[in-house]
*Asks:* 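Questions regarding the structure given below will be posed in turn.
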Amino acid sequence: MTAANTDQAGTLVTIVEDDPAIAEGLALNLRLQGHRTETVGDAETALERIVETDPVLVLLDITLPAQSGLWVLERLRERDNHVPVIVLSARQDEFDKVAALRLGADDYVTKPFALAELLARVAGLLRRSRLSRAAAAVAPSPPAPPAPPAPPASPAPAPAAPTAGGEGAQAEGLLPLVRFGDVEIEPAKRTVTRGGTPVALTHREFELLAFLCASGGRVMSRDELVRKVWGLTHGGQGRTVDNFVAQLRSKLEADPDRPKHLLTVRGSGYRFVP
């Protein structure tokens, strides 16, 4: 089952859902928000269509015929496709949530869900995705190769060396590197390395990490992180924050069980220590 709505301008959201009533309801409300939509009812077709159409966001049900939604998510991340994904599932099991997050989901919503909340999550994720692309677009370009030396017979005066306060230095100052332990974060390029080896983070993992690093060591409550990183105006998503922090620790801390940089402040929230 595949259905597309392409008669209006707007960003494309792919809905992977085998229940036609749920799929059409989601598509209708997303179109009212100004998006184009495509609905797909099985995993294999979903993977093919996501790769072909390059949507800005995917709403992905776990329970699908044959292969599951988690299979789609895993195949996408294996292909280095980091399209933002919100997983939808009727399953309440903590294992399924953790599995989805570990495979690279940006959010996890259980059915039945409040439509207004889901649309708020979609809007927040898309807003952060746009900001991330804008930040990457202003990243400093690689320096041009040096000009060849002038012929000895006609020596030209050496060009003046650039001053420390030049334009390039200012650009780098706007997008500084962040380093802690053996981890290096380059916010403008949205890259993270550990010991010189690239670390793959989901969109939401990177947003959370960048926000914690920019907090200046201040304790950030779970509700504040939900507002700032997830774009929601209400709390109640503390477990989601906990799961994402656990994933960051597993990827970036030398000993995730005894973290030195992404610290829990019991009863308050989280704090970043370089």
Side-chain angles (χ1 to χ4, degrees), residues 60 62 68-71 73-82 84-87 89 91-110 121 125 128 132 176-187 189-230 232 235-274:
L60 179 62
I62 285 185
S68 74
L70 295 182
W71 178 88
L73 181 59
E74 187 172 15
R75 300 290 84 74
L76 286 171
R77 298 320 189 213
E78 284 177 351
R79 298 178 182 212
D80 202 29
N81 185 317
H82 295 288
V85 174
I86 298 177
V87 169
S89 177
R91 302 176 183 177
Q92 302 286 337
D93 195 328
E94 186 84 6
F95 174 81
D96 292 311
K97 296 181 182 180
V98 173
L101 295 174
R102 284 182 174 173
L103 288 173
D106 295 278
D107 207 346
Y108 188 104
V109 178
T110 56
R121 289 174 183 260
L125 184 53
R128 278 152 186 78
S132 298
L177 292 176
V178 178
R179 294 186 177 92
F180 60 92
D182 60 350
V183 175
E184 183 175 287
I185 307 167
E186 193 165 356
K189 296 181 180 179
R190 295 182 63 84
T191 58
V192 179
T193 58
R194 181 178 176 188
T197 301
V199 178
L201 298 183
T202 69
H203 172 85
R204 190 72 74 185
E205 286 173 346
F206 188 92
E207 293 296 317
L208 177 58
L209 177 63
F211 190 77
L212 286 171
C213 290
S215 65
R218 186 166 65 89
V219 177
M220 311 296 291
S221 72
R222 291 171 175 82
D223 284 351
E224 184 173 5
L225 291 171
V226 166
R227 290 196 304 271
K228 299 295 187 180
V229 179
W230 275 261
L232 300 178
Q237 303 297 322
R239 293 293 293 170
T240 296
V241 176
D242 294 343
N243 286 331
F244 271 82
V245 171
Q247 291 309 303
L248 288 175
R249 286 171 173 167
S250 71
K251 295 178 180 182
L252 303 177
E253 293 278 6
D255 184 351
D257 294 329
R258 296 176 177 82
K260 295 183 177 180
H261 306 287
L262 302 174
L263 305 181
T264 300
V265 180
R266 191 173 299 278
S268 299
Y270 293 100
R271 183 166 68 96
F272 170 70
V273 176

*Asks:* Can you tell me if Arg77 uses its side chain to pair, donor with acceptor, with the backbone of Gly104 under 3.5 Å?
*Replies:*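 The answer is yes, because a donor-acceptor pair under 3.5 Å joins these two groups.
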
*Asks:* Going by heavy atoms in the side chains, are Leu225 and Leu212 under 4.5 Å from each other?
*Replies:*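 Sidechains of Leu212 and Leu225: in contact.
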
*Asks:* Please report the interatomic distance CG(Leu177) to SG(Cys213), rounded to the nearest 0.5 Å.
*Replies:*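 It comes to 11.5 Å.
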
*Asks:* Under the salt bridge (Lys or Arg N to Asp or Glu O under 4.0 Å) rule, what do Glu224 and Arg227 come out as? Steps first, then yes or no, please.
*Replies:* CA-CA 5 Å; Glu224 184 173 5; Arg227 290 196 304 271; 5.1 Å; no

*Asks:* Going through the checks in order, is the side-chain contact (heavy atoms from CB on, under 4.5 Å) test met by Val199 and Thr191?
*Replies:* CA-CA 8 Å; Val199 178; Thr191 58; over 6 Å; no

*Asks:* Mind listing the closest non-hydrogen atom pair of Phe206 and Pro187 along with its distance?
*Replies:*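 That would be CZ-CA, 4.0 Å.
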
*Asks:* Roughly how far, to the nearest 0.5 Å, is CG of Leu60 from CG of Asp107?
*Replies:*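 The CG atom of Leu60 is 12.5 Å from CG of Asp107, to the nearest 0.5 Å.
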
*Asks:* Can you give me the closest heavy-atom contact between Pro259 and Glu253, atom names plus distance?
*Replies:*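 Scanning both residues, the minimum pair turns out to be CB-OE2, 3.4 Å.
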
*Asks:* Examine distances only and state if a side-chain atom of Gln247 and a backbone atom of Glu205 form a donor-acceptor pair shorter than 3.5 Å.
*Replies:*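 Absent.
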
*Asks:* Drop me the distance from Leu208's CG to Lys228's NZ, to the nearest 0.5 angstrom.
*Replies:*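 So the gap between those two atoms works out to 14.0 Å.
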
*Asks:* Is the closest basic N to carboxylate O distance between Glu184 and Arg179 below 4.0 Å?
*Replies:*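 So Glu184 pairs with Arg179 through a salt bridge.
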
*Asks:* Salt bridge or not for Glu74 and Arg79, using N-O below 4.0 Å?
*Replies:*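 Salt bridge: no.
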
*Asks:* Check whether any side-chain heavy atom of Leu125 sits under 4.5 Å from a side-chain heavy atom of Ile86, and report yes or no.
*Replies:*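 Result yes, sub-4.5 Å side-chain heavy-atom pair found.
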
*Asks:* Looking at every heavy atom in both Ala100 and Tyr108, which two are closest together, and how far apart are they?
*Replies:*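 For Ala100 versus Tyr108, the nearest heavy atoms are CB-CD1, 3.7 Å.
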
*Asks:* Is any side-chain heavy atom of Leu252 less than 4.5 Å from a side-chain heavy atom of Val192?
*Replies:*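 The answer is yes; the side chains approach within 4.5 Å.
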
*Asks:* Once side-chain hydrogen bond (donor to acceptor under 3.5 Å, both in side chains) is applied, do any residues pair with Arg102, and if so which ones, sequence neighbours excluded?
*Replies:*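 Result, side-chain hydrogen bond (donor to acceptor under 3.5 Å, both in side chains) vs Arg102: none returned.
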
*Asks:* Restricting to non-hydrogen atoms, name the atom on Ser250 and the atom on Pro256 that form the minimum distance, rounded to 0.1 Å.
*Replies:*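 Shortest heavy-atom separation between Ser250 and Pro256 comes out as CA-CG, 3.8 Å.
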
*Asks:* In chain order, what residues pass the salt bridge (charged side-chain N to carboxylate O under 4.0 Å, His left out) check against Asp255, with sequence neighbours excluded?
*Replies:*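 By the salt bridge (charged side-chain N to carboxylate O under 4.0 Å, His left out) rule, Asp255 matches Arg258.
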
*Asks:* When rounded to the nearest 0.5 angstrom, what is the spacing between OG1 in Thr202 and NZ in Lys251?
*Replies:*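 Here the rounded value is 6.0 Å.
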
*Asks:* Using the side-chain contact (heavy atoms from CB on, under 4.5 Å) rule, take Glu186 and Thr193 through it: C-alpha gap first, then chi angles, then the decisive distance, then the call.
*Replies:* CA-CA 9 Å; Glu186 193 165 356; Thr193 58; over 6 Å; no

*Asks:* Once you round to the nearest 0.5 Å, how far does CZ of Phe180 lie from NZ of Lys260?
*Replies:*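 The CZ atom of Phe180 sits 13.0 Å away from the NZ atom of Lys260.
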
*Asks:* Report yes or no: does Asp106 contribute a side-chain atom to a donor-acceptor pair with the main-chain N or O of Val85 at less than 3.5 Å?
*Replies:*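 Here the side-chain-to-backbone pair exists.
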
*Asks:* Could you check whether any side-chain N or O of Arg222 sits under 3.5 Å from a backbone N or O of Val226, counting only pairs where one atom can act as donor and the other as acceptor?
*Replies:*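 The answer is no, because no donor-acceptor pair under 3.5 Å joins these two groups.
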
*Asks:* Looking only at atom types and distance, does a side-chain atom of Arg204 sit under 3.5 Å from a main-chain N or O of Leu101, one as donor and one as acceptor?
*Replies:*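 Not a single qualifying donor-acceptor pair exists.
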
*Asks:* Carefully, step by step, assess Arg190 and His82 under the rule side-chain contact (heavy atoms from CB on, under 4.5 Å).
*Replies:* CA-CA 12 Å; Arg190 295 182 63 84; His82 295 288; over 6 Å; no

*Asks:* Could you list the donor-acceptor pairs under 3.5 angstrom formed by side chains in residues 264-274, with sequence neighbours left out?
*Replies:*
unit_1: Thr264; atom_1: OG1; unit_2: Arg249; atom_2: NH2; d: 2.7
unit_1: Tyr270; atom_1: OH; unit_2: Asp242; atom_2: OD1; d: 2.6

*Asks:* For the CD1 atom of Ile62 and the CG atom of Leu70, what is their distance to the nearest 0.5 Å?
*Replies:*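 Interatomic distance, Ile62 CD1 to Leu70 CG, rounded to 0.5 Å: 4.5 Å.
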
*Asks:* Any chance you could lay out the side-chain contact (heavy atoms from CB on, under 4.5 Å) test for Ile185 and Leu209, step after step, and finish with the verdict?
*Replies:* CA-CA 9 Å; Ile185 307 167; Leu209 177 63; 3.6 Å; yes

